[in-house]
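Throughout, residue positions are numbered sequentially from 1 according to the sequence presented.
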Amino acid sequence: MRAVEQDRLGGPETLEIVEVERPEPGPAEVLVRVRAAGVNPTDWWHRETGGLAGRPVRLGWDVSGVVEAVGPGVTLFAPGDEVYGMPRQPLPAGAYAEYLVAPARHLVRKPAGLDHVTAAALPLAALTAWQALVDTAGVRPGQRVLVHAAAGGVGHLAVQIAKARGAYVIGTASEGKHAFVKELGADEVVDYRAVPFEEVVRDVDVVVDTVGGEYGPRSLRVLRPGGVLVALASPAEAYLAEEAAAIGRRAGFMIVEADRGGLLEITRLVEAGALRPHVATVLPLERVAEAHRAGQTGRTSGKIVLTVG
């Protein structure tokens, strides 16, 4: 089968298509014929640094495809089932390939009405938003939620999930993306280039920060007592917990995890019409380096997806 690999850490030029042996599913695993794979910031972070392994790994966590074979003990799926998910995160998964072996319970059936490209844009970003807003912050109806980079991959889904939970949603985005963020359901959009967001936003219950750096300390200033900041950009953001506790707030760094239950909830939102990913760019697997370059500009609204086969 064809797969994307790299023999050294570095830029997009290190990614190449190679021929490798097709894997076989083991106990409680399924073999998926990949139709589409989403592209995420963690992909280029792993490409450059090796991630937790510290060496090149086969990239790609978002997958949508068709079950080709099942291993011993699998009862959830049969060959021919259309599935999607985010297998093995935060460990390597290898979705940039024609075939992928995944634990059966890291996948769910693809939402009715979504094609594989659109479905592949969902798992990692939507699960990140879900686990931040629901599992970590416990967003409730009527609360005020601030989403940074609200037009981005995680941000544009976080806006929709927060609205589906009954929250009042404020997003930060450049002026050219305000209409897009409003269409997602945001009640307010702040142009972070025109004004510091902390000067115009107040009394927020939850902040979802996908930017990091100075955004963390600045976001603590807009939280009301007891408010929660969920930092997603870097493990370095863990220091915010002490700063938040000192002023009666809560903060923490979160890594998204494989989560069948969360993915089923996301599927329900999609099928109810309350959540839909925006796919900005679709490229074939052979143009994976171009996909990474486009993603690393930080200017993409929504997601980039690779098609396979």
Side-chain angles (χ1 to χ4, degrees), residues 41 125-256 274-275 298-302:
L127 280 172
T128 301
W130 179 270
Q131 291 173 11
L133 288 164
V134 181
D135 296 343
T136 303
V139 168
R140 302 185 302 277
Q143 288 191 317
R144 289 167 58 83
V145 174
L146 172 62
V147 178
H148 288 309
V154 172
H156 87 290
L157 298 172
V159 168
Q160 296 175 70
I161 291 171
K163 286 302 296 183
R165 303 286 293 184
Y168 182 93
V169 182
I170 306 163
T172 62
S174 59
E175 184 179 8
K177 297 177 180 178
H178 281 206
F180 172 64
V181 177
K182 283 277 192 177
E183 288 172 6
L184 298 171
D187 298 284
E188 295 180 36
V189 189
V190 176
D191 182 0
Y192 66 91
R193 293 176 176 171
V195 59
F197 67 85
E198 66 272 25
E199 292 185 3
V200 294
V201 178
R202 291 285 185 276
D203 298 325
V204 169
D205 296 285
V206 178
V207 178
V208 176
D209 178 17
T210 66
V211 180
E214 64 177 13
Y215 266 57
R218 291 167 60 193
S219 293
L220 291 178
R221 302 177 206 166
V222 308
L223 285 172
R224 62 178 49 170
V228 182
L229 164 63
V230 186
L232 303 171
S234 165
E237 308 300 311
Y239 79 92
L240 292 168
E242 289 187 12
E243 290 194 11
I247 57 171
R249 278 69 170 168
R250 184 160 62 93
F253 167 68
M254 191 202 86
I255 296 176
V256 65
L275 180 66
R299 294 193 292 268
T300 300
S301 294

Query - is_close_aromatic(F197, H148), centroid dist under 6.0 Å - result: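 Yes, they do, as the ring centres are separated by less than 6.0 Å.
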
Report task. Mind jotting down which residue pairs meet the ring-ring contact (aromatic ring centres under 6.0 Å, His included) criterion with at least one end in residues 126-146? Sequence neighbours excluded, please. Result ->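 Sorted pair list comes back empty.
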
Report summary line: The complete set of ring-ring contact (aromatic ring centres under 6.0 Å, His included) pairs with one or both residues in residues 226-247, sequence neighbours excluded, reads none

Which residues pass the salt bridge (Lys or Arg N to Asp or Glu O under 4.0 Å) test with [X], sequence neighbours left out?
X	answer
E242	none
D135	none
E198	R218, R221

Query raised in the report: Is a donor on one side and an acceptor on the other found under 3.5 Å between the side chain of S234 and the backbone of A236?
Result: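 A pair under 3.5 Å: yes.
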
For [X], which residues count as a side-chain contact (heavy atoms from CB on, under 4.5 Å) partner, sequence neighbours excluded?
X	answer
A158	A129, L133, V147
A149	T210, V211
R140	Q143
A173	K177, H178, V181, V189

Query raised in the report: Could you go step by step and tell me if V228 and V207 meet the side-chain contact (heavy atoms from CB on, under 4.5 Å) rule?
Result: CA-CA 6 Å; V228 182; V207 178; over 6 Å; no

Query raised in the report: Can you tell me how far CG of D205 sits from CG of L229, rounded to the nearest 0.5 angstrom?
Result: 13.0 Å

**Report entry** Approximate separation, where rounding is to 0.5 Å, of E237 CD and D209 CG
**Finding:**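 With rounding to 0.5 Å, CD (E237) is 6.5 Å from CG (D209).
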
Report task. Carefully, step by step, assess I170 and V190 under the rule side-chain contact (heavy atoms from CB on, under 4.5 Å). Result -> CA-CA 7 Å; I170 306 163; V190 176; 4.1 Å; yes

What's the shortest heavy-atom distance between [X] and [Y], and which atoms?
X	Y	answer
G171	A150	CA-CB, 3.8 Å
V169	A162	CG2-CB, 3.6 Å
V204	V206	CG1-O, 3.0 Å
A167	V145	CB-CG2, 3.7 Å

Report summary line: In short, salt bridge (charged side-chain N to carboxylate O under 4.0 Å, His left out) pairs touching residues 225-236 with sequence neighbours left out are none

Query raised in the report: Does any pair with a residue in residues 151-169 pass salt bridge (charged side-chain N to carboxylate O under 4.0 Å, His left out), and if so which ones, sequence neighbours excluded?
Result: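 For residues 151-169, and leaving out neighbouring residues, the salt bridge (charged side-chain N to carboxylate O under 4.0 Å, His left out) pairs sorted by first residue read K163-D187.
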
Query raised in the report: Can you find a side-chain donor-acceptor pair between H156 and S301 that sits under 3.5 Å?
Result: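 The answer is no; no qualifying pair exists.
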
Report task. Measure the shortest side-chain to side-chain distance between E175 and R193 over non-hydrogen atoms and say whether it is less than 4.5 angstrom. Result ->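 Sidechains of R193 and E175: no contact.
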
Query raised in the report: Got T128 and M254 here, is their nearest side-chain heavy-atom distance under 4.5 Å?
Result: yes

Listing, residues 243-252 side-chain donor-acceptor contacts under 3.5 Å, not counting sequence neighbours, or none:
unit_1 : atom_1 : unit_2 : atom_2 : d
R249   : NE     : L223   : O      : 3.1
R249   : NE     : R224   : O      : 3.4
R249   : NH1    : I247   : O      : 2.5
R249   : NH2    : L223   : O      : 2.9
R250   : NH2    : T136   : O      : 3.4

Report task. Would you mind telling me which of V159, L184, L157 makes a side-chain contact (heavy atoms from CB on, under 4.5 Å) with L275? Result ->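 Checked V159, L184, L157 against L275; only one passes side-chain contact (heavy atoms from CB on, under 4.5 Å): L157.
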
Query - Worked check of side-chain contact (heavy atoms from CB on, under 4.5 Å) between V208 and L146 - result: CA-CA 6 Å; V208 176; L146 172 62; over 6 Å; no

